[in-house]
S.K.: 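Mind looking over this structure? Questions follow.
In each ligand, atom 1 is the first atom listed, and ligand 1 is the first ligand listed.
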Amino acid sequence: MTALPDLSVHYLPQFVAEHDFVGGTVVVIDLLRASTTICHALAAGAREVTPFVEVDDLRRAAEGQDRCGLLLGGERGGERIDGFDLGNSPRDYTAEVVFDKRILFTTSNGTRALHHARLAAKVVVGCLANLSALVESLSHDVDLHLLCAGTNGHVSREDILAAGAIAYEVTNNDRPARRLNDAAESARGEWQELLNTARSAGRNADEQLAVDLRDTPHGKTLVNLGFESDLALCATRDSAAVVPSYDARSGKVRAV
Ligand code: MLT
């Protein structure tokens, strides 16, 4: 009997060793907002996004580069970093601003999670914005990991919901059965519960997710910082239908 393909969810990078990803596929999830912003940047025509863990490393990489065609983007504490062109709101990454540009990018948790996944055979960025394209691209991947970025070392409900949505779609309809770890079962269950709540409240899933995001600690922080409209955008399915792929050798994320 052939073994079923695996689907594992990890609620935080700290919960899984980097070496466990060797040979597998990792979907890096930071729903609020790094994953969503990377998808929007590439969907709007940015040539590439280069993720950095540390602000200083990004600044050093920017030094000596021709600044024409290059943008610095990212956040600390949710806000744009001093001297950077862009923050971490997906709304900033429009075609007018990013088309054909190279973006050096750092965020508090999202780019750190990407770095954690670098030993995998395939690393892609996932969220609601690219859900359908992402799920389609994963159909043949047998050792599949959904890695939640979390928030400053704490598990984030928003990432679990996004992981649940991906797990739900990856195992739904005619797709082959998979062996789920406990965290994948539970994330998928959370998403199913959200769909049930949406149904009884007369909302669609995007609307219900936007409501739920307002109740998360990071969602509340973003509302307080004036980024309330980002919550609805991050909850909108297929708003940026690209599959960003991270090539750890070149250090770049590009749309495939
Ligand atoms: C992160 O990487 O922690 C987030 O993307 C923060 C944010 O919402 O800007």
Side-chain angles (χ1 to χ4, degrees), residues 10-15 26-44 46 49-59 71-94 97-98 103-118 123-130 146-163 166 209-210 212-236 239-240 242 244 246 251 253:
H10 311 284
Y11 283 176
L12 279 179
Q14 294 90 306
F15 294 173
V26 180
V27 180
V28 176
I29 301 167
D30 182 8
L31 181 67
L32 296 178
R33 297 166 289 173
S35 294
T36 310
T37 298
I38 291 171
C39 287
H40 275 266
L42 293 174
V49 175
T50 307
F52 289 84
V53 174
E54 305 295 345
V55 176
D56 285 348
D57 291 339
L58 184 154
R59 288 195 203 277
L71 294 171
L72 311 192
E75 59 69 41
R76 283 299 178 269
E79 299 194 276
R80 184 164 59 84
I81 298 162
D82 269 355
F84 276 36
D85 305 292
L86 296 162
N88 187 28
S89 170
R91 292 186 187 278
D92 292 348
Y93 291 71
T94 59
V97 177
V98 305
I103 300 169
L104 307 187
F105 187 65
T106 180
T107 69
S108 308
N109 303 281
T111 53
R112 195 170 290 278
L114 266 171
H115 183 73
H116 194 75
R118 70 193 178 286
V123 182
V124 293
V125 172
C127 53
L128 268 292
N130 69 343
L146 309 184
L147 176 63
C148 300
T151 306
N152 305 328
H154 297 284
V155 169
S156 297
R157 177 164 159 76
E158 63 270 20
D159 292 342
I160 295 174
L161 286 171
I166 297 166
L209 179 56
D212 280 31
L213 291 182
R214 289 184 62 95
D215 276 339
T216 64
H218 190 50
K220 286 180 181 155
T221 303
L222 291 174
V223 169
N224 288 335
L225 291 172
F227 293 116
E228 184 169 358
S229 59
D230 283 2
L231 302 189
L233 184 55
C234 291
T236 304
S239 58
V242 289
Y246 176 49
V253 180

S.K.: Which heavy atom in Ala163 sits nearest to a heavy atom in Cys148, and how many Å separate them?
M.R.: CB-SG, 4.0 Å

S.K.: Starting from atom 7 (C) of ligand 1, locate the nearest protein heavy atom and write down its residue, its atom name and how far away it is, to 0.1 Å.
M.R.: Asn88 ND2, 3.2 Å

S.K.: Looking only at protein heavy atoms, which one is nearest to atom 8 (O) of ligand 1, and how far off is it?
M.R.: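 Minimum-distance protein heavy atom for atom 8 (O) of ligand 1 reads His218 NE2, 2.7 Å.
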
S.K.: Looking at Ala34, which atoms of ligand 1 are within less than 4.0 Å of one of its heavy atoms?
M.R.: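 Checking each atom against Ala34, I get 5 (O).
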
S.K.: Shortest non-hydrogen contact from Pro13 to Ala149?
M.R.: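 Minimum heavy-atom separation between Pro13 and Ala149: CD-O, 3.6 Å.
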
S.K.: Please name the pair of heavy atoms, one in Leu31 and one in Cys234, separated by the smallest distance, quoted to 0.1 Å.
M.R.: CD1-O, 3.4 Å

S.K.: Is a side-chain N or O of Ser156 found less than 3.5 angstrom from the main chain of Thr151, in a donor-acceptor match?
M.R.: yes

S.K.: Could you tell me, atom by atom, which parts of ligand 1 come under 4.0 Å of a heavy atom of Gly110?
M.R.: 1 (C), 2 (O)

S.K.: Give the single entry among Asn109, Asp159, Asp30 that approaches atom 4 (C) of ligand 1 most closely by any heavy atom.
M.R.: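 Closest candidate by heavy-atom distance is Asp30.
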
S.K.: Check this for me: does any side-chain nitrogen of one of Arg112 and Glu54 sit under 4.0 Å from a carboxylate oxygen of the other?
M.R.: yes

S.K.: Among all the protein's non-hydrogen atoms, which is closest to atom 6 (C) of ligand 1, and how far away is it?
M.R.: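 Its nearest protein heavy-atom neighbour is Glu75 OE2, 3.4 Å.
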
S.K.: Any idea which protein heavy atom is nearest atom 2 (O) of ligand 1, and the distance to it?
M.R.: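 Here the closest protein heavy atom is Thr107 OG1, 2.6 Å.
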
S.K.: Is the shortest heavy-atom distance from the side chain of Phe84 to the side chain of Thr106 under 4.5 Å?
M.R.: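 Side-chain contact under 4.5 Å: yes.
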
